[in-house]
Number of protein chains: 2
Amino acid sequence: MAKKSVRKPKIALRGREPFDRSKHVYTNDVFVELVKDAIRFFNGTPVHAIPPPERFLGTGVYALYYTGKSKPYAKYADLNRLAYDFPIYVGKAVPKGWRQSRQVDSIDKQSSELHSRLREHARSIIAVSSLSIEDFSCRFMIFEGASSDMIGTLEASIIKWKRPLWNSYLDGFGNHTPGSGRFEQAPSEWDVVHPGRPWAEKCKGKTRRRHSIVTGIETFLADVGAADSSPMDPSGGTAFS
Amino acid sequence: MAKKSVRKPKIALRGREPFDRSKHVYTNDVFVELVKDAIRFFNGTPVHAIPPPERFLGTGVYALYYTGKSKPYAKYADLNRLAYDFPIYVGKAVPKGWRQSRQVDSIDKQSSELHSRLREHARSIIAVSSLSIEDFSCRFMIFEGASSDMIGTLEASIIKWKRPLWNSYLDGFGNHTPGSGRFEQAPSEWDVVHPGRPWAEKCKGKTRRRHSIVTGIETFLADVGAADSSPMDPSGGTAFS
């Protein structure tokens, strides 16, 4: 693969049109309707303890709900009083090798990624003394076949719409153990507020102080659930209920 | 936030139904149609040099095409003889803060992420002596408003369908400079095959040998474009043309 210094005639010259941005802009209203349909389905799925009582196969999107009394999270218990409407965290589990499409044949093969991810979250919550696993519930939605390409889209839509605290403000809940002893990095803000995960305690870097983070959480939560705080609501309104 | 040791009565007990996996499985055929529509649009967008001649605003999905004569990539010139059908790389540029929905107000604000990303790729290609920027073209598709949630889905679909070499086999083209001097890691296989990026040359770790990677590329490319190698083709057939 030696560098060519002479410009070769192009094999396919067609398409080298003058630049016109408008020819590249895609719009499709069906997409918004599709996301609404999926979110409606999600909001109708049964709510379970975390981790769910049975191991199951599948990948997809999940939400964690808090209904305990601990401040400042008690706001969520209030918001979820009548229905599980305001997750504290939303995440996804995608098929292995999904991003690179490494394993064409195994794309549709079932894995238990979603259940594993929920179990890992349960372990995180159990590891810290400031949270009780009994105060958490989860909801999840399994995508099969070609629909599994929609997992990332749906996760992003729900996060934008509901702005769950542990996604949109307090970083680090979903982190894994840092790779190959990279403990020079700072613990996440989640780990500063909720100390206890063994690997987080080994992190040596500096994070801003707990007091400042908790104040930020309170300010953030003051807006969650406010009627006019859902500009990204895919329904264009304020609720799917 | 002291740990509660006594289990409190649940605020919302409804929903704690017996576990039934089928209640969590979502299927929607409209999704497949929607992806097809977006891919059809993508395949009709004008093809440009890389980077495109004008700076433009927007985020979305892009593809790079190779039409040079260097082995083993010459296979792509052959495949793209009549139309730009087989990208060597597919990527996305998403709005900043998209993943966490940090900036609700700015989600719709335009950024030039897509153009920046294409420029960064052009710099990578120019930096290495084994590739000529003249042998590359690009195509891109801008998503605005709520449709921008679809970016990840479309990128994944095209990668699954076309299995571009630099996504599905040869890793590392899209890498950025390693953060804060983490040069103890191995250079990517892309950098082993195409040495020249300054930061890649600082990486000290071990990658498998160039000869072995190039043999793997040849084997991989033998299957690209084969009639029966598109099980993930969202059209269910073999082409969108």
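Chain identifiers are assigned alphabetically (A, B, ...) following the order of the sequence lines, protein sequences preceding nucleic acid strands; residue numbering begins at 1 within each chain.
Chain B forms the most heavy-atom pairs under 4.5 Å with one residue out of A:Asn28, A:Val30, A:Asp29, and that residue is A:Asn28. Looking only at heavy-atom pairs under 4.5 Å with chain A, the residue among B:Asp20, B:Leu34, B:Thr27 that has the most is B:Leu34.
Interatomic distance, A:His115 NE2 to B:Arg21 CZ, rounded to the nearest 0.5 Å: 12.0 Å.
Here the shortest heavy-atom pairing between B:Phe140 and A:His24 reads O-ND1, 2.9 Å. The minimum heavy-atom distance between B:Pro53 and A:Phe19, with the atom names listed, is CG-CB, 4.1 Å. Closest of all the heavy-atom pairs between A:Ser148 and B:Lys160 is OG-NZ, 4.0 Å.
Of the two parts of A:Ala74, neither the backbone nor the side chain holds a non-hydrogen atom closer than 4.5 Å to a non-hydrogen atom of chain B. The contact between A:Phe31 and chain B is made by backbone and side chain atoms together, counting heavy-atom distances below 4.5 Å.
With a 4.5 Å cut-off on side-chain heavy atoms, B:Thr45 and A:Tyr26 do not count as touching.
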